[in-house]
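Beneath this line is the structure, given in structure tokens, with notes to follow.
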Amino acid sequence: MAKNDAPKTAITPTRNDDYAEWYQQVVRAADLAEQSPVRGCMVIKPWGYAIWENIQRSLDLMFKATGHKNAYFPLFIPKSFLEKEAQHVEGFAKECAVVTHHRLIAGPDGGLIPDPAAKLEEPLIVRPTSETIIGAAFAQWVQSYRDLPLLINQWANVVRWELRTRLFLRTTEFLWQEGHTAHATEAEAREETRKMLEVYATFAEDYMAMPVIKGPKTAGERFPGAVDTYAIEAMMQDRKALQAGTSHFLGQNFAKASGIEFQSKEEKKEFAWTTSWGVSTRLVGALIMSHSDDDGLVLPPRLAPAHVVILPIFRGDDTRGKILEYIDALKKELCDQRIFDRNVEVEVDLRDVRGGDKQWEWIKKGIPLRIEVGLRDVESGAAMLARRDRAPKDKASVPRGELVAKVVETLRDMQAGLLEKALANRAANTRAIDDRAAFDAFFTAKNADKPEIHGGFALSHWCGDGACETAIKDALRVTIRVIPEGEIPGVGASATVFEQGACVVCGKPSAQRVVFAKSY
RNA sequence: CGGGGCGUAGCGCAGCCUGGUAGCGCACCUGGUUCGGGACCAGGGAGUCGGAGGUUCGAAUCCUCUCGCCCCGACCA
């Protein structure tokens, strides 16, 4: 095949040519977000924000169904609050935005400067997370064991002064949800931690069509101040791991720091047991990197801002009305259909833009289905149907009578297909590796100058020693993403997680394999 | 925050070495021909060349500083 015969893709470069650049181009081509004038902060555009809204709505229902209530706490956290939990301080101190003044005045050069007379007595920290401020509230709210459990969630923005940012994956300000709960017993708090991890895993697989491995993190990867951190980890198309959600068992650390005490049935003063758990706009990044291709974004129907775009094909003004009428009726009927707990959402693109361009725009935006309606279709009682998970030119005429049912059926099929494909990709790039040489080879690019996509998930034995974990990290930038608690679908019997083995680093005995990978 | 790269029209880039006040493709606007399709022809609009200093008769081009973005690393959702 000559160079010029290479299939033209809507996105350049392709994933294989330059994955990082491809990602950015998809974000732009799909009109999801853009860089803002503020360093490290993004503007989320309507199409991208709608995805977040769908994530929000779906998760919110799941939180409510598990007994949680939403509330809202201050953006600002007094410095002294953050100082209350030693490990917490250590973890977050180096990435905090600090508010020191409450007024601006004219400066010597005509600009504005903070008024020295308006300096805050105690600096306020723009929340990097809300354990401490919510802890303070909880301390007020909880008196008796009858006040427990306290199950609260907050949708908010947070700020972490990141040194290296990437749209959606890591930005200085990001949107998220943070659940905070307090319980009377350790067992109950542990159960809550697990329950929410499960909610996240379900959401990832059923809504995002993104398979995840769930389980505890190693001590080294723990949330600052947590006793145990659990996570869901997904594999992106460049085979790197992405932490898509975390759930923390905080023990009594924060209860002690914030004074969350209650009187037990036995009339004793006790510290509550707390948890926290969160997912962020990073999920949008995860979605992009799970399914999208060299023609742009690919969205799971369940979270797509719209399911269908109807593209009219006009030839001359005399037939325009007829076609519009046909489209209108079709749209109405489609919008009455239920799919995945909501109505089918339809866009009709009437813009005066060339047909081909219009079509490609929607392909790049990842809308699941495109329906073309021209005079021919109106007259024959049909429409052309094209799906985003097939080649752009792959279209089929569907009789009008079957169209509506076909749309619903196809959306379901696509949702399932995306998960299957992602599962297959993960399985194909997950390997049981038992000796160090093979491990090193797995995580080393053949082309050092321009590393190709390589590696994946290595299921290897680990003795549990942090030193071995660090040795791998230093040598290969590979970390233990998660300690799996079940077999990994699609991986095959030769890679059984639970069997005796020897640590891939030091050779000491190990009872199970863990997931090693490069990560975001 | 360390190493590297890059900032020239909305997007992608050339020009910079060898200073003489900007060019290409796509997008955009107008007219026409096309048209189940990322078309073609003709005409047109759009850039204080990231910002600030400096050198010079003259700076996108040379020097200094600064801001931002990207990649690699350390850190992290």
Side-chain angles (χ1 to χ4, degrees), chain A residues 8-13 18-21 23-25 28-29 31 34-42 90-96 128-129 157-178 200 217 220-224 229 231-234 241-248 276-286 295-296 311-316 323 352-364 370-378 380 382-384 386 392-393 395 397 445 448-451 473-474 476-477 479 518-520:
Chain A
K8 189 181 176 187
T9 58
I11 303 293
T12 39
D18 185 345
Y19 194 84
E21 179 63 18
Y23 173 80
Q24 293 181 79
Q25 293 303 329
R28 195 154 52 81
D31 210 24
E34 62 191 25
Q35 212 66 61
S36 77
V38 188
R39 173 208 213 128
C41 295
M42 61 179 165
E90 208 188 311
F92 286 106
K94 45 192 182 304
E95 50 182 17
C96 287
T129 179
N157 58 340
V158 286
V159 166
R160 295 182 187 174
W161 214 262
E162 299 291 347
L163 299 171
R164 187 180 170 189
T165 59
R166 316 182 71 181
L167 290 178
F168 289 114
L169 297 174
R170 172 162 293 107
T171 46
T172 299
E173 178 191 15
F174 57 95
L175 305 182
W176 81 344
Q177 146 282 311
E178 48 180 326
Y200 288 154
K217 287 280 196 181
E221 301 274 332
R222 230 173 251 152
F223 174 77
T229 286
I232 52 171
E233 292 279 335
L242 185 130
Q243 179 174 304
T246 51
S247 185
H248 315 289
S276 70
W277 27 275
V279 298
S280 71
T281 33
R282 170 178 257 203
L283 287 182
V284 178
D295 285 327
L311 303 161
I313 294 161
F314 297 126
R315 307 193 58 169
I323 294 169
D352 181 22
V353 174
R354 180 167 291 285
D357 294 343
K358 208 188 257 190
Q359 192 186 150
W360 278 98
E361 259 184 55
W362 287 104
I363 290 172
K364 287 186 275 192
R370 308 188 302 281
I371 294 177
E372 297 172 13
V373 176
L375 187 61
R376 227 145 69 196
D377 305 294
V378 173
S380 67
M384 295 297 281
K393 312 261 178 203
K395 305 171 194 175
S397 180
D449 294 335
K450 191 175 176 294
K473 186 175 178 181
D474 291 347
L476 298 161
R477 288 167 299 148
T479 50
K518 292 187 181 174
S519 72
Y520 278 95

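Note that the coordinates shown come from a computational prediction; the quantities given were computed from them, not determined experimentally. Every chain is numbered from 1 and lettered A, B, ... according to where its sequence line falls, protein lines coming before strand lines.
Closest to the side chain of A:K364, from the set B:A77, B:G38, B:A39, is B:G38. When each of B:C75, B:G36, B:G38 is scored by its nearest atom to the side-chain atoms of A:K473, the top-ranked nucleotide is B:C75. Nearest nucleotide to the A:W360 side chain, out of B:G38, B:C75, B:G37: B:G38. The nucleotide whose nearest atom lies closest to any side-chain atom of A:A20 is, among B:A77, B:A39, B:C71, B:C71. Across B:A77, B:A39, B:G38, the shortest atom-to-atom separation from the side chain of A:K393 is found for B:G38.
A:W161 meets the ring-ring contact (aromatic ring centres under 6.0 Å, His included) test with no other residue; sequence neighbours excluded. The side-chain contact (heavy atoms from CB on, under 4.5 Å) check on A:Q177 picks up A:F63, A:N153, A:W155, A:Y200, A:W277, A:V279, with sequence neighbours excluded. The side-chain hydrogen bond (donor to acceptor under 3.5 Å, both in side chains) check on A:W176 picks up A:E178, with sequence neighbours excluded. By the salt bridge (Lys or Arg N to Asp or Glu O under 4.0 Å) test, A:K395 is found to be paired with A:E372, residues two or more places apart in sequence or in another chain being considered. Under the salt bridge (Lys or Arg N to Asp or Glu O under 4.0 Å) criterion, A:E221 pairs with A:R481, not counting sequence neighbours. Under the rule for a salt bridge (Lys or Arg N to Asp or Glu O under 4.0 Å), A:E21 has no partner lying at least two apart in sequence or in another chain. For the side-chain contact (heavy atoms from CB on, under 4.5 Å) test, residues two or more places apart in sequence or in another chain that qualify with A:S36 are A:V38, A:C41, A:V43. Applying the salt bridge (Lys or Arg N to Asp or Glu O under 4.0 Å) test to A:K518 and every residue at least two apart in sequence or in another chain returns nothing.
Closest of all the heavy-atom pairs between A:I11 and A:A29 is CD1-CB, 3.5 Å. Annotation for A:I323 and A:V373: closest pair CG2-O, 3.7 Å, computed over non-hydrogen atoms. Contact detail for A:V353 and A:K358: the closest heavy-atom pair is O-CE, 3.7 Å. Listed here is the closest heavy atom pair of A:L169 and A:G285: CD2-CA, 3.8 Å. Contact between A:L167 and A:Y23 at its shortest, heavy atoms only, is O-OH, 2.7 Å. Considering every non-hydrogen atom in both A:Q25 and A:T12, the closest pair reads CG-O, 3.4 Å.
Nucleic acid contact class of A:K450 (heavy atoms, under 4.0 Å, all strands): none. Within the 4.0 angstrom heavy-atom criterion, only backbone atoms of the sugar-phosphate kind lie near A:Q243; the bases stay farther away. Nucleic acid contact for A:L283: none, since no nucleic acid atom lies under 4.0 Å from a heavy atom of the residue. Residue A:L311 is out of contact with every strand shown, counting any heavy-atom pair closer than 4.0 Å. A:T246 comes within 4.0 angstrom of no nucleic acid atom, judged by non-hydrogen atoms across all strands.
Atom pair A:E178:CD and B:A77:C1' shows a separation of 12 Å (rounding to whole Å applied). In this structure, A:W362 atom CH2 and B:G36 atom C1' are separated by 19 Å, rounded to whole Å. Rounding to whole angstrom units, CZ of residue A:R222 and P of B:C75 are separated by 17 Å. We find that CG of A:D474 is positioned 8 Å from P of B:A74, with the value rounded to whole Å. The interatomic distance linking A:F168 (CZ) with B:C70 (P) rounds to 14 Å, in whole Å. Between A:E95 atom CD and B:C75 atom P there is a gap of 12 Å when expressed in whole angstrom units. Atom OH in A:Y520 sits roughly 13 Å away from atom C1' in B:C72 (whole-Å rounding).
Base pairing analysis places B:A52 opposite B:U64; the two distances defining the Watson-Crick or G-U wobble pair are each below 3.5 Å. Across every strand in view, B:C75 sits unpaired, with no contact that passes the Watson-Crick or G-U test at under 3.5 angstrom. Pairing partner, B:U18: none, since no Watson-Crick or wobble contact has both distances short of 3.5 Å. Across the strands present, B:G25 finds its partner in B:C11; the criterion is a Watson-Crick or G-U wobble pair with both atom distances under 3.5 angstrom. Nucleotide B:C40 forms a Watson-Crick or G-U wobble pair with B:G32, both donor-acceptor distances falling under 3.5 Å. Pairing of B:A59, defined by two Watson-Crick or G-U wobble distances under 3.5 Å, is not identified with any nucleotide.
To the nearest 0.5 Å, atom CD of residue A:Q24 and atom CZ of residue A:R166 are 7.0 Å apart.
Dashed line: the shortest gap from a side-chain N or O of A:R166 to OP1 or OP2 of B:C71 is under 4.0 Å. For the pair A:K358 and B:G36, the criterion of a side-chain N or O lying under 4.0 Å from OP1 or OP2 is not met.
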#### Entry: A:E361 and A:R354: CA distance, side-chain angles, deciding distance, salt bridge (Lys or Arg N to Asp or Glu O under 4.0 Å) verdict
CA-CA 11 Å; A:E361 259 184 55; A:R354 180 167 291 285; over 6 Å; no
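For the C1' atoms, the distance linking B:A77 with B:G5 amounts to 28 Å, nearest Å. Atom P of B:G53 sits at a distance of 14 Å from the matching atom of B:A60, rounded to the whole Å. Rounded to whole Å, the separation between the P atoms of B:C6 and B:G58 comes to 29 Å. Between B:C11 and B:G38, the distance separating the two C1' atoms is 16 Å to the nearest Å. Only the C1' atoms considered, B:G51 is 28 Å distant from B:A27, to the nearest whole Å. Taking the C1' atoms as reference points, B:G45 lies 29 Å from B:C69, given to the whole Å.
Between A:A10 and A:K94, the residue whose closest nucleotide on RNA chain B is further toward the 5' end is A:A10. When each of A:T171 and A:L375 is assigned the nucleotide of RNA chain B with its nearest heavy atom, A:L375 is the one assigned upstream, toward the 5' end.
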## Note on the structure
Per-nucleotide protein contact along nucleotides 1-12 of chain B, 5' to 3', at a 4.0 Å heavy-atom cut-off (B base, S sugar-phosphate only, - neither), is B---------SS
Polar atom pairs (N or O), protein with nucleotides 66-69 of chain B, under 3.5 Å:
| unit_1 | atom_1 | unit_2 | atom_2 | d |
| --- | --- | --- | --- | --- |
| B:G68 | OP1 | A:R39 | NH1 | 3.0 |
| B:G68 | OP2 | A:R39 | NH1 | 3.2 |
| B:C69 | OP1 | A:G40 | N | 3.0 |

Just the atom pairs and distances: protein N or O near nucleotides 25-31 of chain B's N or O, under 3.5 Å.
none

Review item, nucleotides 43-48 of chain B N/O atoms under 3.5 Å of protein N/O:
none

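Stacking of A:W176 onto the six-membered ring of B:A77 is not present when judged by under 5.5 angstrom between centres and under 30° between planes.
The base of B:G38 does not come close enough to the side chain of A:Q359 for any donor and acceptor atom to sit less than 3.5 Å apart. Side-chain atoms of A:R376 come within donor-acceptor range of the base of B:G36, with a qualifying N/O pair under 3.5 Å.
Side chains of A:M42 and A:F168 form a contact here, defined as non-hydrogen atoms less than 4.5 Å apart.
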